[in-house]
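Side-chain atoms are counted along with the backbone in the values below, which use heavy atoms only and exclude waters and symmetry mates. Residue numbers start from 1 in every chain, and the chains themselves are labelled A, B, ... in the order their sequence lines are given, proteins ahead of strands.
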Protein chains: 2
Amino acid sequence: MVKTIELTNRQEQIVKIVKEEGPITGEKIAEKLNLTRATLRPDLAILTMSGFLDARPKVGYFYTGKKGNQLISEALKKMSVKDYKAMPVVIKEESSVYDAIVMMFLEDVGTLAVVNNRGTLAGVVSRKDLLKVAMGKQNLQDIPVSVIMTRMPNIITCHIDDPLIEVANILIQNQIDSVPVVRSIENGLEVIGRITKTTITKAFVELGIDKDV
Amino acid sequence: MVKTIELTNRQEQIVKIVKEEGPITGEKIAEKLNLTRATLRPDLAILTMSGFLDARPKVGYFYTGKKGNQLISEALKKMSVKDYKAMPVVIKEESSVYDAIVMMFLEDVGTLAVVNNRGTLAGVVSRKDLLKVAMGKQNLQDIPVSVIMTRMPNIITCHIDDPLIEVANILIQNQIDSVPVVRSIENGLEVIGRITKTTITKAFVELGIDKDV
């Protein structure tokens with residue numbers, strides 16, 4: 001069960017004091033704020049339990065160096081590809097560019113995984129790749145998709161146990177819309193799903209939905 | 001300053017007890033768990049300060065009904081379109097489909113906003129729209145983009161102060177890749193930005209980056 005807390009002004013003041021002067025006893029913090037030790041007790045409890053501060057007997061409170069949002073990011077790191085991946089959409093490498101475009105419209109996806117006759121990943125083809133060819137004067141039924149695809153091993157893939165946030169970062173850093181989720185099998189990689197910017201947008205929306213405790 | 005906390009097993013037990021039997025005094029909770037009141041004090045402090053439980057003098061603790069992740073979703077609601085929107089990419093409605101495809105490649109975007117000669121929003125055109133036309137046998141230089149665009153008023157737009165999460169939800173619900181950010185001016189809507197699945201993916205990645213307190 002993960003929850004966010006927003007610090008009160010007083011809690012922020014305490015963090016500031018400990019950051020600047022820690023290790024410092026609870027008594028000294030109370031003094032600085034003109035409050036009693038008892039008044040501060042719940043604040044100090046929440047600050048230590050949430051990981052902002054740590055306390056050592058006979059030494060006092062010190063700042064853990066844990067950064068703000070660190071725990072929000074820890075929650076994000078627990079979201080994995082396994083729980084969010086979409087179904088793979090694959091096409092055989094001998095299919096034509098025309099067939100690829102038709103499949104892309106039928107399945108309403110932006111990227112197709114291309115597989116060879118062993119059923120393993122051979123390449124990927126994007127809406128952009130197809131648009132580029134479609135602008136030419138060639139007959140789209142005569143061009144095999146394998147001619148225009150991005151080819152192995154120049155394909156970025158991900159695995160079922162990868163954190164979703166890492167794959168999101170890969171999409172941004174490489175300016176791509178989609179990454180196939182793969183599993184190693186004999187002679188290659190089997191395509192078992194895909195993570196796209198749509199997947200990430202859905203996960204983002206889901207984060208904002210209040211869930212039952 | 002927003003931070004997440006993860007409840008300990010003991011804290012989850014307390015929430016469960018209060019949920020089922022609240023209002024209940026701290027003493028009774030301690031009894032049920034075979035612990036002293038003093039041992040429970042920090043747990044009860046964190047549970048009330050994080051909003052899971054509330055306490056009323058002489059009555060005891062009760063469950064607030066605040067749902068898990070409620071505060072994480074409150075943090076998300078503070079992210080607004082203003083802080084994340086990308087630059088608008090616009091094309092004039094008399095431009096050809098060919099020009100639109102070229103602009104899409106040059107700017108590396110998936111959707112263009114189409115404006116009329118008053119400079120206000122007339123339509124939007126997506127990579128998918130362009131791919132559909134490009135498959136035909138027509139000369140792409142002869143077709144104005146206004147013929148194939150989705151036309152006002154059938155366009156979903158958003159405003160600078162909208163929460164990013166709402167726009168993300170609009171993208172998912174309407175199965176679109178992009179929404180123009182607009183401002184009302186005389187005679188129409190001025191395009192001042194765009195929110196795309198890329199924007200949302202970037203925001204998601206940013207959530208996972210540890211920020212300084």
Quiz prompt | Carboxylate-amine/guanidinium contact K32(A) E21(A), below 4.0 Å | solution = yes
Self-check item: Presence of salt bridge, K16(B) and E20(B), under 4.0 angstrom
Solution: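 Looking at E20(B) and K16(B), the cut-off is met.
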Answer with side chain, backbone, both or neither: which region of [X] has an atom nearer than 4.5 Å to a non-hydrogen atom of chain A?
X	value
K128(B)	both
Q175(B)	side chain
L130(B)	both

In terms of heavy-atom pairs under 4.5 Å with chain B, which of [options] leads?
options	answer
L164(A), T196(A), T48(A)	L164(A)
D177(A), L171(A), L44(A), N169(A)	N169(A)
I101(A), T8(A), V97(A)	I101(A)

Self-check item: L131(A) portion near chain B, given a 4.5 angstrom heavy-atom threshold
Solution: both
Exercise. State, yes or no, whether a side-chain contact exists between T199(A) and K85(A) at a heavy-atom distance under 4.5 Å.
Key: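 In short, these two side chains do not touch, never coming nearer than 4.5 Å.
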Practice problem: Find out whether R127(B) and T111(B) are in side-chain contact, i.e. whether some heavy atom of one side chain is under 4.5 Å from a heavy atom of the other. | Solution: no
Practice problem: Report the C-alpha distance between D162(B) and V181(B) in whole Å, list the side-chain angles of each, state the deciding distance to 0.1 Å, and finish with yes or no for side-chain contact (heavy atoms from CB on, under 4.5 Å). | Solution: CA-CA 10 Å; D162(B) 290 342; V181(B) 184; over 6 Å; no
Quiz item: Can you name the closest pair of heavy atoms from F204(B) and I165(A) and give their distance?
Solution: O-CD1, 3.3 Å
